[in-house]
2 protein chains.
Amino acid sequence: MARSADPTLAERRRRQILDAAMACFGRRGFHRTSMQEICGEAALSAGALYRYFPSKSDIIAAIAGEDRRDSEPLFAAIANGDSMIEGVCALAAHMVAKCTAKAPLFAEVIAETLRDRELSERFATHEAETRARLVAAIAAAWRRAPAPDMTPERAARLVMLMLDGLALRVMREGVHGAVDAGPLLEDFREALLRLFATAAPGPRKRALAGVES
Amino acid sequence: MARSADPTLAERRRRQILDAAMACFGRRGFHRTSMQEICGEAALSAGALYRYFPSKSDIIAAIAGEDRRDSEPLFAAIANGDSMIEGVCALAAHMVAKCTAKAPLFAEVIAETLRDRELSERFATHEAETRARLVAAIAAAWRRAPAPDMTPERAARLVMLMLDGLALRVMREGVHGAVDAGPLLEDFREALLRLFATAAPGPRKRALAGVES
DNA sequence: ACCTGAACACCGTTCAAGT
DNA sequence: ACCTGAACACCGTTCAAGT
């Protein structure tokens, strides 16, 4: 199994192809852009392209895996910040910004992730990791501040449920026009505040009596 | 513009084609099933099929529009039932059941809805109608029972955000295997209970003191 | 080692021709 | 009026041939 003579060439070619593909997918969608178009945009022949990506699907997979790294600080902020809720809001804002910036491309990725078996499995793995990071971050946050009557596991599941909803909504509004993120994030924060309110007046929790009024 | 000689034939042919397409899409996905396959399944030639559906996209659009009718009673139940929360849970359960029963098909519909401009617009119209019905139903429910400190509009947006998240999750788990709806719906109900808790111990609401313990 | 581009086996859609 | 199916203009992918 011969390794590449110039290992940086392979990496540069992959970048070149990925950039070309992202430009094309963003313009025309995954299924409407042909390999020929990507070849044209990347100034490479079909044969050369297939040397670096064995199929069109693999290109989308590579794009989907691209920006996993830059979310790490967001999780650290949830774990160590003053407010778990604000930390999660920042995570949501980050995601919404990414989605609005390149909604058509992300819509393609989501759609393809729902369609392709292999992509779907890769995505499930990634999602499980993300959930684990979120559980750890929420648990850490709640060790440092008053926590509601809920497990970090359920909290993480609820947060991810809402993040999924948010993503889908931003996609749908963003694929064919501008999206106003403000109200969406405001709704999201309001939901978090109610979901994770501490000291709820439940029957078997210590209750804070409403003193004033 | 000649009308059909036998108006029931057109309807029967559309059903025949739609049923064939749903079977094929469920088996192999939207983009992987060819028009030839649908023709084979429907026992019709390509030309005949194109007489009833001008494109492959129109077939998916027709499938997406198919089961809008049967959700009407669910909204009525929210408006008139004892508990708005239980009504919304029933709506969620209905949606989850539909999605789990034919996850691959619904995943195709969602994916295509994100990809295709015309489909996306039809979907947006449908969604706006749904939201209006939900707002009306929640407002009606809250006129008959204690309501939380929230507008029906925001409540409807939050419910739809969570329903979207739920749908996406069920799709992702269901496209390639069985999905256990129980825990998902339990999370969903728990979220609703917290989101729409009445008499929250906020500073300017009458507060229920925790008497026992 | 890396690349080219013609060729292959398809695809969605159309349309002249049948009944 | 309704249908057929060959034909058209593509598509993703491969592979012999070049450098």
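Both backbone and side-chain heavy atoms feed into the values below; hydrogens, waters and symmetry mates do not. Order of the sequence lines fixes the chain letters, A, B, ..., with proteins taken first and strands second; residue numbering starts at 1 for each chain.
The distance from the CD atom of B:Glu190 to the CG atom of A:Leu195 is 8.5 Å, given to the nearest 0.5 Å. One finds the CZ atom of B:Arg172 at 10.0 Å from the CD1 atom of B:Ile110 (value rounded to the nearest 0.5 Å).
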Both distances under 3.5 Å, Watson-Crick or G-U wobble: on that basis, could you give the dot-bracket string for DNA chain D, with [ ] for crossing pairs and | for other-strand partners? ||.|||||...|||||.||

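Atom CZ in A:Arg12 sits about 17 Å away from atom P in C:dA1, given to the nearest Å. If you measure from atom CE of B:Met35 to atom C1' of C:dC11, you get 11 Å, rounded to the nearest angstrom. Counting to the nearest Å, the P atom of C:dG5 and the CG atom of A:Leu44 are 11 Å from each other. A straight line from NZ of B:Lys56 to C1' of D:dC10 spans 14 Å, rounded to a whole angstrom. Nucleotide C:dA16 holds its P atom 15 Å from the CZ atom of B:Arg51, rounded to whole Å. Atom pair A:Leu9:CG and D:dT19:C1' shows a separation of 15 Å (rounding to whole Å applied). If you measure from atom NE2 of B:His31 to atom P of D:dG12, you get 11 Å, rounded to the nearest angstrom. In this structure, A:Glu37 places its CD atom 11 Å from C1' of D:dC11, rounding to the nearest Å.
A:Asp82 is linked by a side-chain contact (heavy atoms from CB on, under 4.5 Å) to nothing, counting only residues two or more places apart in sequence or in another chain.
When heavy atoms are screened at a 4.0 angstrom cut-off, B:Phe53 is found touching no nucleic acid atom at all. Residue A:Thr33 is in sugar-phosphate contact alone, with no base atom involved, counting any heavy-atom pair closer than 4.0 Å across all strands shown.
Both tests pass for B:Lys56 against the ring of B:Phe30: distance under 6.0 Å to the centre and angle within 45° of the axis.
Judged by closest nucleotide on DNA chain D, A:Arg32 is the one of A:Arg32 and A:Gly47 placed further toward the 5' end. Comparing B:Gln36 and B:Arg13 along DNA chain D, the residue whose closest nucleotide (by nearest heavy atom) sits nearer the 5' end is B:Arg13.
Looking at A:Ile59 and A:Leu49, their side chains come closer than 4.5 Å, going by heavy atoms from C-beta outward.
Of the candidates D:dT13, C:dC3, D:dG5, D:dT13 carries the atom nearest the A:Ala46 side chain, counting heavy atoms from C-beta on. Set against D:dG12, C:dG5, D:dT4, the side chain of B:Ser45 has D:dT4 as its closest nucleotide.
The aromatic rings of B:Phe196 and B:Trp142 sit perpendicular, their planes meeting at an angle over 60°, well past the 30° parallel limit.
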Apply salt bridge (Lys or Arg N to Asp or Glu O under 4.0 Å) to residues A:Arg15 and A:Glu11 and explain how you reach the verdict. CA-CA 6 Å; A:Arg15 258 266 66 77; A:Glu11 194 40 52; 5.4 Å; no

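Using a 4.0 Å cut-off, no side-chain N or O of B:Tyr50 falls inside it from OP1 or OP2 of C:dT14.
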